[in-house]
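Beneath this line is the structure, given in structure tokens, with notes to follow.
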Amino acid sequence: SVLPVVTIKDPYTWMSSMCRHSYSANWRHVEEHCPNLVANEIDQAKWHNIPDVIPVSVRYSPDNVTHHESLLGLWNDYYSGWQRAKFPRLIVRFEDMLFRTEEVVTKVCHCAGGKVKEGSFKFVVDSAKQGKAHTGSSGLIKSIIRYGNSTRRTDYYAKEDLEYVEKKWNQDLGEAYSYKLKI
């Protein structure tokens, strides 16, 4: 038996994270305009005939590639799929894991039928992620600073991208996890 535990993250901060580490997601983006949901003059100068909305593909394997309207579309599609799943699963907010780590991990462990050993909990201050894809990942302190101020979620977003989010974000999904639309 398996109990999937999925970590969901605020769509604004998730898209910003994807700009730093795109993993298997592929879309046209440059550092000066990312997450670049809607093409602007920076994108048009770099790529000719770029669509108004920047599509995203995710290659899970050579034979398993998904296509999404945009990076926000990927967030909507991926987490909506987990939300609608008809089998037992846990969906845990990243922010709760970051700011209430021991409490959340203990509850997840108990839900899965486990038990946390007394005194066995340790925080990892450096990045817990390893490997080439994670080069430059934030450690605990940088993450607390980055995600601890909710007013900075959209600091690096272009106006057009924020307007796109307002139109296309699955707000029911966002509200289910207490993520607020901001423009």
Side-chain angles (χ1 to χ4, degrees), residues 2 4-44 46-47 49-87 89-98 127-129 131-138 143 146-147 150 152-183:
V2 173
V5 180
V6 178
T7 303
I8 191 170
K9 191 174 189 181
D10 176 284
Y12 292 113
T13 61
W14 177 82
M15 288 186 283
S16 295
S17 293
M18 290 296 288
C19 289
R20 292 188 302 278
H21 302 284
S22 60
Y23 304 101
S24 295
N26 297 293
W27 77 102
R28 291 179 179 178
H29 62 284
V30 292
E31 188 174 329
E32 299 82 21
H33 180 219
C34 196
N36 72 322
L37 304 169
V38 178
N40 68 10
E41 64 279 350
I42 294 170
D43 305 305
Q44 292 162 351
K46 183 160 177 80
W47 298 286
N49 299 322
I50 192 164
D52 290 341
V53 175
I54 311 297
V56 174
S57 298
V58 180
R59 181 176 302 277
Y60 294 99
S61 71
D63 299 327
N64 184 5
V65 179
T66 60
H67 303 280
H68 310 273
E69 178 180 88
S70 65
L71 193 57
L72 178 64
L74 170 57
W75 187 91
N76 285 337
D77 296 343
Y78 183 79
Y79 292 112
S80 292
W82 281 107
Q83 184 74 6
R84 290 188 312 266
K86 300 293 185 201
F87 51 83
R89 77 270 180 240
L90 293 176
I91 303 175
V92 180
R93 290 175 7 128
F94 166 82
E95 298 80 9
D96 295 329
M97 289 287 296
L98 179 61
S127 176
K129 299 176 181 177
K132 184 179 176 183
H134 302 291
T135 301
S137 290
S138 300
S143 293
R146 175 176 284 140
Y147 301 111
S150 65
R152 299 192 65 214
R153 299 161 57 217
T154 60
D155 279 359
Y156 303 104
Y157 280 74
K159 180 181 178 235
E160 299 82 7
D161 292 333
L162 290 171
E163 291 169 351
Y164 176 84
V165 172
E166 184 177 359
K167 292 178 199 164
K168 297 291 186 166
W169 180 21
N170 180 335
Q171 290 185 38
D172 290 337
L173 181 63
E175 288 173 10
Y177 295 94
S178 299
Y179 294 131
K180 306 279 188 244
L181 180 64
K182 175 187 176 181
I183 188 154

Practice task
Could you tell me which non-hydrogen atom of A25 sits nearest to which non-hydrogen atom of M18, and how far apart they are?
Solution key: CB-CE, 3.6 Å
Handout entry: Whether R89 side chain and V5 backbone form a donor-acceptor pair below 3.5 Å
Key = no
Handout entry: F94, CZ: over 12 other non-hydrogen atoms inside 6.0 angstrom
Key = yes
Problem - Polar contact flag, side-chain donor to acceptor under 3.5 angstrom, N36-H29 - result: no
Exercise for the section: Decide whether Y164 and E69 meet the rule of one side-chain donor and one side-chain acceptor closer than 3.5 Å. Expected result: yes
Exercise for the section: Taking the side chain as every heavy atom from C-beta outward, state whether S70 and L72 have any atom pair closer than 4.5 Å. Expected result: yes
Problem - Ionic contact status for E163 with K167, cut-off 4.0 Å - result: no
Practice task
Please name the pair of heavy atoms, one in P11 and one in Y157, separated by the smallest distance, quoted to 0.1 Å.
Solution key: O-OH, 4.0 Å
Exercise for the section: Return yes if some donor-acceptor pair links the side-chain N/O of S16 with the main-chain N/O of Y12 below 3.5 Å, else return no. Expected result: yes
Exercise for the section: Evaluate whether atom CG of D52 has more than 12 neighbouring non-hydrogen atoms of other residues, nucleotides or ligands under 6.0 angstrom away. Expected result: no
Problem - Side-chain donor/acceptor of Y79 to backbone N/O of I91, under 3.5 Å - result: no
Handout entry: Donor-acceptor under 3.5 Å (T13 side chain, D10 main chain)
Key = yes
Problem - Side-chain donor or acceptor of D43 paired with backbone N/O of N40 under 3.5 Å - result: yes
Practice task
Identify the two heavy atoms, one from T7 and one from R93, that lie closest to each other, and give their separation to 0.1 Å.
Solution key: CG2-C, 4.4 Å
Handout entry: Backbone of S80 reached by a side-chain donor or acceptor of N170 within 3.5 Å
Key = no
Practice task
Decide whether E95 and Y177 meet the rule of one side-chain donor and one side-chain acceptor closer than 3.5 Å.
Solution key: no
Practice task
Using a 4.5 Å cut-off on heavy atoms from C-beta on, say whether the side chain of P4 contacts that of F87.
Solution key: yes
